[in-house]
**Q** 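Structure incoming, see below.
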Number of protein chains: 2
Amino acid sequence: MNRPAGNGDEPRKVIGNQPKTARGEATRKAIIDAAERVIGSKGYYDASIGHITSEAGVAQGTFYIYFKTKEEVFSELVLEMGRMLRFTLSEATQGIEDRLEAEKAGLRAFLKFVKDHPDLYRIVQEALFVDPEAYRAYYRSFVDGYRVGLVAAQEAGQVVEEDAEILAWALMGISRSLGERLVIFGTETPIEELVTTAYNLIANGIKP
Amino acid sequence: MNRPAGNGDEPRKVIGNQPKTARGEATRKAIIDAAERVIGSKGYYDASIGHITSEAGVAQGTFYIYFKTKEEVFSELVLEMGRMLRFTLSEATQGIEDRLEAEKAGLRAFLKFVKDHPDLYRIVQEALFVDPEAYRAYYRSFVDGYRVGLVAAQEAGQVVEEDAEILAWALMGISRSLGERLVIFGTETPIEELVTTAYNLIANGIKP
DNA sequence: GACAAGCATGAATACTGGTTCATGTTCGCG
DNA sequence: CGCGAACATGAACCAGTATTCATGCTTGTC
């Protein structure tokens, strides 16, 4: 029961075991990618570790070298997804001066992203049940971005003086709903049409 | 392999076994109610038949007198939920002449319903994975109601001439998002405040 | 008051699937 | 080389749980 002094009880709360070589890095990535495909298509509960590892081309035990539990890959997936989406959006609105135009570009980029990654969409939804904390963090960060933009626009007198937090949730709801229609309900409406209609609604709805 | 002629292959697609006496009726209802509570709080996959039946105060085997599978109670729950919500909304907007006022009343009723039934909200969300067909039907019927109202208002010249289907999805998204904020994110904003802000957004957004 | 259909029981079944482990294999470095 | 740390294997373990089943109870009816 002896051990070096100056050590806490927990081994520094590392997420899974970080690989130390390029080889391990590659394997870990292969597993995450496989998990994305398998969980995305079958859902979390129907996706077994066996499915994931065989899709990744490794043995079942290998999974546990990199992840402590099944839940852990999932959480990481959700995090990754949030990062990707935020990156895509900031990329798409980079350098656009007019705030309303930026809004439009963001909406368009969001719908495109969702359409290109239908699996990712479902994964985030399922996080509400598998990892509620990750789910909340995902939407919180999304809505925060929205809110900051709105507040700035309000200060510039371009947006009506309503509670920016509530407004942000409402606007996010529009994007999300149209995205869901695309992915879950498989409608064929061109994205540009959705963007135009939603943009008019939003622009008229929030102008001062 | 002989059987009476004039019979299809399927035994009339009865959902579960309908009880024939008041006693059975009561037991069946007790199980559904228990399922609502247990699945609502633990989620579908963590809610075992054992949990549900013990919550209902019956033996495990009793469950299978009334439902063929675990999925079946769940589907019935989702259906029931859709019915309840639609009833509540039509109740709340009954007899309101002005369409915009009706919209406001509907929004208020929706948020109140969601707040009073947080479990039900999560159950519908989970249906996307457990019974996608039920999930789609739920939202389809919701959005259809919305669309019909919008089209009527457009014909009366009260609403802008945008695609009513898209508009309906967007507006539904606003309600849903604010409802989710209430239930999943546990914010304490008074419903009336949400209604006012959202109403202004919607009213300005869709006026011709 | 006995018969049968409906209802109820809960132990046994059957199987899935997450996790562990004892045993290799790879590979960079001295 | 050859040593050790990192990585990989896949068979076995085991806990949980949906579903079945043989048996027993209730209740209304003739």
Side-chain angles (χ1 to χ4, degrees), chain A residues 11-12 14-77 126-127 129-131, chain B residues 11 14-39 41-77 126-127 129-131:
Chain A
R12 223 32 73 217
V14 171
I15 297 184
N17 284 348
Q18 237 54 31
K20 320 241 183 223
T21 73
R23 186 184 167 210
E25 195 82 53
T27 305
R28 189 186 149 93
K29 179 149 178 25
I31 294 174
I32 287 210
D33 288 353
E36 179 184 318
R37 287 193 295 278
V38 176
I39 296 182
S41 77
K42 305 174 104 77
Y44 179 79
Y45 292 98
D46 287 343
S48 70
I49 304 291
H51 285 138
I52 294 173
T53 50
S54 96
E55 171 83 16
V58 299
Q60 222 164 295
T62 306
F63 180 93
Y64 290 90
I65 295 175
Y66 300 103
F67 303 96
K68 265 203 277 300
T69 64
K70 185 183 174 189
E71 257 190 71
E72 205 180 75
V73 229
F74 184 82
S75 301
E76 197 141 323
L77 228 48
E126 198 158 21
F129 304 96
V130 178
D131 185 350
Chain B
V14 171
I15 297 184
N17 283 346
Q18 237 55 30
K20 321 242 183 223
T21 72
R23 187 188 169 206
E25 195 82 52
T27 304
R28 187 186 148 94
K29 180 151 178 20
I31 293 174
I32 287 210
D33 288 353
E36 180 184 318
R37 286 192 297 277
V38 176
I39 295 181
S41 77
K42 302 175 106 77
Y44 178 79
Y45 291 98
D46 287 344
S48 70
I49 304 292
H51 287 138
I52 294 173
T53 50
S54 96
E55 171 82 17
V58 300
Q60 222 163 293
T62 306
F63 180 93
Y64 291 90
I65 295 174
Y66 300 102
F67 304 96
K68 265 201 277 298
T69 65
K70 187 183 171 187
E71 258 191 69
E72 206 180 76
V73 229
F74 184 82
S75 300
E76 196 141 324
L77 228 47
E126 199 158 20
F129 305 96
V130 179
D131 185 351

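Throughout, a chain's letter reflects where its sequence line sits, starting with A, and its residues are numbered from 1. Source: prediction; values computed, not measured.
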**Q** Rounded to whole angstroms, how far apart are CZ on B:Phe63 and P on C:dA11?
**A** 19 Å
**Q** Given atom CZ of A:Arg28 and atom P of D:dA8, what is their separation to the nearest angstrom?
**A**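 Taking CZ of A:Arg28 and P of D:dA8, I get 12 Å after rounding.
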**Q** To the side chain of B:Thr21, which of D:dT19, D:dA18, C:dC7 is closest?
**A** C:dC7
**Q** Tell me: CD of A:Glu72 to P of C:dG18, nearest whole Å?
**A** 15 Å
**Q** Tell me whether the side-chain N/O atoms of A:Tyr66 come closer than 4.0 Å to OP1 or OP2 in D:dA8.
**A**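 A:Tyr66 to D:dA8 OP1/OP2: side-chain N or O found under 4.0 Å.
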**Q** Look at the side chain of B:Thr69 and decide which nucleotide, out of D:dT17, D:dA8, D:dT19, has an atom nearest to it.
**A** D:dT19
**Q** Between D:dT9, C:dC7, C:dT19, spot the one nearest the side chain of A:Tyr64, thanks.
**A** C:dT19
**Q** Could you check which of C:dT19, C:dT26, D:dT9 has an atom nearest any side-chain atom of A:Lys70?
**A**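 Closest nucleotide to the A:Lys70 side chain: C:dT19.
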**Q** Roughly how many Å is it from CZ in A:Arg23 to P in C:dT25, rounded to a whole number?
**A** 12 Å
**Q** Where the side chain of A:Gln60 is concerned, which of C:dG6, D:dC7, C:dT19 is the nearest nucleotide?
**A** C:dT19
**Q** Distance check needed: C:dT26 P versus A:Glu25 CD, whole Å only.
**A**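 Distance, rounded to whole Å: 21 Å.
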**Q** Do A:Ile32 and A:Tyr66 have side chains that get closer than 4.5 Å, going by heavy atoms?
**A** no
**Q** Report the nucleotide, chosen from D:dT17, D:dT19, D:dA8, that has the shortest atom-to-atom distance to any side-chain atom of A:Thr62.
**A** D:dA8
**Q** Under 4.0 Å between any heavy atoms, over every strand shown, what does B:Ala56 touch: base, sugar-phosphate, or nothing? Just pick one.
**A** nothing
**Q** Once you round it to whole Å, what is the distance between P of D:dA15 and OH of B:Tyr45?
**A** 24 Å
**Q** Is any side-chain heavy atom of A:Asp46 closer than 4.5 Å to one of B:Phe129?
**A** no
**Q** To the nearest angstrom, how far is B:Lys29 atom NZ from C:dC7 atom P?
**A**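 That distance rounds to 17 Å.
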**Q** Checking contacts here: which listed nucleotide (C:dT19, D:dT9, D:dT17) is nearest the side-chain heavy atoms of A:Ile65?
**A** D:dT9
**Q** Would you indicate whether the side-chain heavy atoms of B:Ile31 and B:Val58 approach each other to under 4.5 Å?
**A**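 Touching, per the 4.5 Å side-chain cut-off.
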**Q** Where does the angle between the aromatic ring planes of A:Tyr45 and B:Tyr45 fall among parallel (under 30°), tilted (30 to 60°) and perpendicular (over 60°)?
**A**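 The rings of A:Tyr45 and B:Tyr45 lie parallel, inter-plane angle below 30°.
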**Q** Mind checking if A:Gly61 touches a base, just sugar-phosphate, or nothing, with heavy atoms under 4.0 Å?
**A** base
**Q** Is there a donor-acceptor pair closer than 3.5 Å between any side-chain N or O of B:Tyr44 and the backbone N or O of B:Ala127?
**A**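 No, because the side chain of B:Tyr44 does not come within donor-acceptor range (under 3.5 Å) of the backbone of B:Ala127.
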**Q** Whole-Å distance between D:dG16 P and B:Asp46 CG?
**A**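 From B:Asp46 CG to D:dG16 P: 12 Å.
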**Q** Return the nearest nucleotide to the side chain of B:Ile49; candidates are C:dG10, D:dT19, D:dA8.
**A** D:dT19
**Q** What's the closest nucleotide to the side chain of B:Lys20 if the choices are C:dC7, D:dT9, C:dG18?
**A**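 Per side-chain heavy atoms of B:Lys20, the pick is C:dC7.
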